[in-house]
Amino acid sequence: MSEAQVLRAKVLTVSDGVAAGKREDHSGAAVAELLAARGFEIVERRQIPDGSFPVAAALETMAAGFVGLIATTGGTGFGARDETPEGTRQVLDREAPGLAEAMRLANPLGRLSRAVAGTKGRALVVNLPGSTSGSVECLEAVIDVLPHALDLLSGGRPH
């Protein structure tokens, strides 16, 4: 990205407990902190309950007119209410399987992740695990290529 362009990000925490105010949003805070440390401007943080419908609805709204990264945290495992990938797939224009594969390789438990990544308009969506350490490790696995991906999505022609 050119120096004049700002890397922008939104963080969506998917958790029944966090949305109900029964738990603190540790993973969303950690993801936002890592992104800010890497030069991203955090323009929105949101918490919603688990389920494919809330995820799809939130992503539709968050991606509308937005150029940047939308990082979700939570709902990528095998729990009965873990439907973040299903909700994400409902709204994606194109999947980016290389990002999801790289994140799965970040730690041994990553092999249990059902996370997806892809584009919605000019936004790049990546699903991260709900655990604080898992979300940070998975984001670190791909954060180096995100500025290039976002530049391409915004219409840049760096080649």
Side-chain angles (χ1 to χ4, degrees), residues 1 7-56 58-59 62-63 66 68-120 123-153:
M1 299 199 91
L7 294 168
R8 298 174 60 204
K10 298 181 178 184
V11 179
L12 175 65
T13 300
V14 183
S15 165
D16 288 333
V18 170
K22 296 178 181 177
R23 284 192 342 192
E24 227 177 294
D25 183 10
H26 296 293
S27 63
V31 167
E33 184 178 315
L34 174 58
L35 288 169
R38 295 293 186 95
F40 284 80
E41 175 188 357
I42 308 303
V43 296
E44 181 179 357
R45 284 191 52 200
R46 187 183 292 202
Q47 297 85 27
I48 60 168
D50 285 291
S52 63
F53 178 77
V55 169
L59 289 175
M62 293 173 82
F66 179 63
L69 175 70
I70 303 173
T72 73
T73 175
T76 61
F78 288 96
R81 304 246 322 127
D82 288 343
E83 298 178 350
T84 298
E86 289 77 12
T88 302
R89 279 193 179 99
Q90 288 176 34
V91 302
L92 290 181
D93 298 325
R94 298 180 292 170
E95 285 199 37
L99 293 174
E101 291 163 10
M103 291 187 296
R104 275 189 265 288
L105 294 173
N107 71 36
L109 289 178
R111 293 173 287 177
L112 297 176
S113 174
R114 298 179 318 100
V116 297
T119 62
K120 172 63 178 169
L124 177 62
V125 179
V126 297
N127 294 158
L128 303 169
S131 77
T132 302
S133 61
S135 63
V136 167
E137 288 173 0
C138 289
L139 182 56
E140 285 177 334
V142 297
I143 200 164
D144 62 323
V145 299
L146 296 182
H148 183 67
L150 293 171
D151 190 28
L152 292 170
L153 277 172

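Pairing each heavy atom of G28 with each of T13, the nearest pair is CA-OG1, 3.6 Å. The two residues G75 and P85 come nearest to each other via the heavy atoms O-CD, 3.3 Å. Counting all heavy atoms, side chain and backbone alike, R45 lies closest to A32 at CD-CB, 3.9 Å. Taking both residues in full, the closest heavy atoms of A71 and V31 are given as CB-CG1, 4.0 Å, listed atom of the first, atom of the second, then distance.
The main-chain N or O of P129 is found under 3.5 Å from a side-chain atom of T73 such that the two form a donor-acceptor pair. A donor-acceptor pair is defined here as one N or O able to donate and one able to accept, closer than 3.5 Å; such a pair exists between the side chain of R81 and the backbone of D50. No donor-acceptor pair closer than 3.5 Å links the side chain of T72 to the backbone N or O of L12. Of the possible donor and acceptor atoms, none in the side chain of R89 sits under 3.5 Å from a partner among the backbone N and O of E86.
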Next on the checklist: Using salt bridge (Lys or Arg N to Asp or Glu O under 4.0 Å), reason through D82 and R114 one step at a time and then give a plain yes or no.
Outcome noted: CA-CA 9 Å; D82 288 343; R114 298 179 318 100; over 6 Å; no

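Considering CG of L146 and CG of L139, their distance stands at 6.5 Å, rounded to 0.5 Å. I143 contributes atom CD1, which lies 12.0 Å from atom CG of L99 (distance to the nearest 0.5 angstrom). Going from atom CG of L128 over to atom CD of E140 covers 11.0 Å, rounded to the nearest 0.5 Å. From N127, atom CG reaches atom CG of L59 across 7.5 Å, with rounding to the nearest 0.5 Å. Going from atom CD of E95 over to atom OG1 of T88 covers 9.5 Å, rounded to the nearest 0.5 Å. If you take CG on D16 and CD on Q47, they are separated by 13.0 Å, rounding to the nearest 0.5 Å.
Atom CZ of R104 sits in a crowded spot, with more than 12 heavy atoms from other residues, nucleotides or ligands closer than 6.0 Å. By the neighbour-count criterion of 12 heavy atoms within 6.0 Å, atom CD of E33 is sparsely surrounded, having that number or fewer from other residues, nucleotides or ligands.
Side-chain contact check for L150 versus F40: some heavy-atom pair is nearer than 4.5 Å.
Remark: A102 pairs with V142 by the side-chain contact (heavy atoms from CB on, under 4.5 Å) rule, at least two apart or across chains. Residues meeting the side-chain hydrogen bond (donor to acceptor under 3.5 Å, both in side chains) test with D93, sequence neighbours left out: none.
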